[in-house]
**Q** 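Let me give you the structure first, and then I'll get to my questions.
Hydrogens, waters and symmetry mates are skipped; everything else that's a heavy atom, side chains included, is used. Source: prediction; values computed, not measured. Every chain is numbered from 1, with letters handed out A, B, ... down the list of sequences.
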There are 2 protein chains.
Amino acid sequence: MEYTINSIAKLAGISTRSLRYYDEIDLLKPKRISSNKYRIYSQKEVDRLQQILFYKELDIGLLEIKAIIDVKDFDCQKAMEDHLVSLKKKRRKIETLIINVEKTILSLKGDKEMSNEEKFAGFKKKIVKENDEKYGEEIRMKYGDNTIEESNKKLMEMTEKQFNNVEELGQELNRTLKEAVNTGDPASELAQEVCNLHKEWLTFYWPKGTYSKEAHLSLAQMYCEDDRFKEYYEKIVPNGAEFLKDALKIYCEK
Amino acid sequence: MEYTINSIAKLAGISTRSLRYYDEIDLLKPKRISSNKYRIYSQKEVDRLQQILFYKELDIGLLEIKAIIDVKDFDCQKAMEDHLVSLKKKRRKIETLIINVEKTILSLKGDKEMSNEEKFAGFKKKIVKENDEKYGEEIRMKYGDNTIEESNKKLMEMTEKQFNNVEELGQELNRTLKEAVNTGDPASELAQEVCNLHKEWLTFYWPKGTYSKEAHLSLAQMYCEDDRFKEYYEKIVPNGAEFLKDALKIYCEK
DNA sequence: ATTGACATTGACGCTACGAGATAGTTTATT
DNA sequence: AATAAACTATCTCGTAGCGTCAATGTCAAT
């Protein structure tokens, strides 16, 4: 059975333009070109297209799809897991955006009730307390009482979603740190990505406008001097605290 | 105080390329151009840039930001609410992608436990039952027993998140339907968007590959002939069932 | 006078096509 | 057989928000 471009397009529910594009980028070549220059596809190409569309629905880029299908010993599972991570990252970003837009709308309304948030106040109070007990002293010493109060207030204002969000961010930070330590190079791209995540993570707990590279670096040094911090990061991965400090040094000074 | 392009860029933490681009699209013009063709900014422009960056952090497009800032009686709150809707839509999409990628990974592992899902099995059973009682008969008549069993199975396999997802989708469907009925035109863009949402909603409950425009259209006709369906959509908005049928006719036949 | 840091205006690249122009080919109708 | 309708082809521009050269001009310091 042979198909023209239109019949295969209708079969798959995509445009002929897409098929021409897939031909152009060598993702899906027609079986042959007829004498009148028409593209002729066969069942084999239909099958391949099915695969392409399957991965496309998962929002995977066309070039990666090509690799998945063509490269024989491609680690498909790893690709999917990586993709999952990037999707979760996007979700976190959107969650944050939604929360911020909602806050903006509330402030436009002049409405400061935030009643839903109060429902989680007890829960969050606990987190604040833990956070304060763990790191309160250090931050207080470095930046004064005002900062820590602001930080707590900010935490109090977090919605439950935001909390989940930052929890997930923390997990990603830890996971990426582990990977980065394996590279052994605090200047590696991965290590600098860790710093980015760490910065994101920090800005959740530090009040608005507090963040600066200097403060970030100073915190990094604390990480190694203070045994409690050190222990925390060592538990995640051996040499974690030291590595993070080195990476942050490079990150903050460039 | 006057600023060069570099100083203002560092101040705001963005690239000079961005500032040139903002100039190009008339989003942020420098106060004046010096004799050597350099862009010179003043405090006023810094303030404006702050505003721009605020909205940019909410992921609002530059052209819309321009409107928000420049158009005096711009309904900012409505813009934010619209934006919120589109963000939630994106979130839903990503949630679905995540679920599908997770399923793909599971099937790659050959692991069919889905233990987390089972936690919600009881909860979902209830939903399945309700769904079955409401619409089971009709679907059974039209498409046979096999389909409804598949449908239930599919529902059973849904994670709680997916459930929330489809709930939200249903709400958007209802909301959009209300708006569309107000236009009065079943061929309007909004009405056709309703059809799209309805299709999306259906594909959650119909087993894979079942969807066709014919089946969709046939369902639409049921909506009007059957009082229970009619009542359901009438409750959402007067004339809802009739309008949806007309819109779906146009949608399915084009 | 030279160097280095900063400025300028292009122009291409990125993603996955949509849309349109223009031209040739096949199929259906009169 | 003539004509119209439907289908095919290639080519080009546009999308959003810049990053990244490239080529060139300007300013401050050595």
**Q** Can you tell me how far C1' of D/dC18 sits from CG of B/Leu63, to the nearest Å?
**A** 14 Å
**Q** By nearest heavy atom, map B/Asn6 and A/Tyr38 onto DNA chain C; which one lands nearer the 5' end?
**A**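 Its nearest nucleotide being more 5', the pick is B/Asn6.
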**Q** Main chain of B/Leu244, side chain of B/His198: is a donor-acceptor contact present, judged purely on distance under 3.5 Å?
**A** no
**Q** Would you tell me whether A/Glu179 and A/Thr176 have side-chain atoms, one donor and one acceptor, within less than 3.5 Å of each other?
**A**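 There is no such pair (donor and acceptor under 3.5 Å, judged by atom type) between the side chains of A/Glu179 and A/Thr176.
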**Q** Using atom CG of B/Leu53 as one end and atom P of D/dG17 as the other, report the distance to the nearest whole Å.
**A**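 Taking CG of B/Leu53 and P of D/dG17, I get 13 Å after rounding.
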**Q** Within this structure, what is the CD1-to-P distance between A/Ile60 and C/dA16, rounded to whole angstrom?
**A**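 Roughly 11 Å, once rounded to whole Å.
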**Q** For B/Asp73, enumerate each residue passing the side chain to side chain donor-acceptor pair (under 3.5 Å) test, keeping only those at least two apart in sequence or located in another chain.
**A**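 Checked B/Asp73 against side chain to side chain donor-acceptor pair (under 3.5 Å); zero matches.
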**Q** It should be established whether B/Asn36 places a side-chain nitrogen or oxygen under 4.0 Å from OP1 or OP2 of nucleotide D/dC27.
**A**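 For D/dC27, OP1/OP2 do have a side-chain N/O of B/Asn36 under 4.0 Å.
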**Q** Any side-chain N or O of A/Arg39 less than 4.0 Å from the OP1 or OP2 oxygen of D/dA9?
**A** yes
**Q** Rounded to the Å, how far apart are B/Lys56 NZ and D/dG17 C1'?
**A**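 That distance rounds to 8 Å.
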**Q** Taking only N and O in the side chain of B/Lys37, is any of them less than 4.0 Å away from OP1 or OP2 of D/dC27?
**A** no
**Q** Nearest whole Å is fine: how far is D/dT8 P from A/Arg32 CZ?
**A**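 Between P of D/dT8 and CZ of A/Arg32: 15 Å.
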**Q** Under 4.0 Å, heavy atoms only, any strand: does B/Ile5 hit a base, just the sugar-phosphate, or nothing?
**A**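 The answer is sugar-phosphate, as B/Ile5 gets under 4.0 Å only of primed atoms, P, OP1 or OP2.
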**Q** Short of 4.0 Å, heavy atom to strand atom, which residues of residues 9-26 of chain A count as contacting DNA chain C?
**A**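 Those residues whose heavy atoms fall under 4.0 Å from DNA chain C, taken from residues 9-26 of chain A in numerical order, are A/Ser15, A/Arg17, A/Ser18, A/Tyr21, A/Tyr22.
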**Q** Could you check whether any side-chain N or O of A/Lys29 sits under 3.5 Å from a backbone N or O of A/Asp23, counting only pairs where one atom can act as donor and the other as acceptor?
**A** yes
**Q** Hey, is the main chain of B/Ser42 close enough, under 3.5 Å, to the side chain of B/Glu45 for a donor-acceptor pair?
**A** yes
**Q** Side chains of A/Thr16 and A/Arg20: donor-acceptor distance under 3.5 Å anywhere?
**A** yes
**Q** Can you measure A/Leu58 atom CG to C/dA16 atom P for me and round it to whole angstrom units?
**A** 14 Å
**Q** Can a side-chain donor-acceptor contact be found between B/Asp47 and B/Gln43 if the only test is distance below 3.5 angstrom?
**A**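 Checked: B/Gln43/B/Asp47 side chains pair up, N/O donor to acceptor below 3.5 Å.
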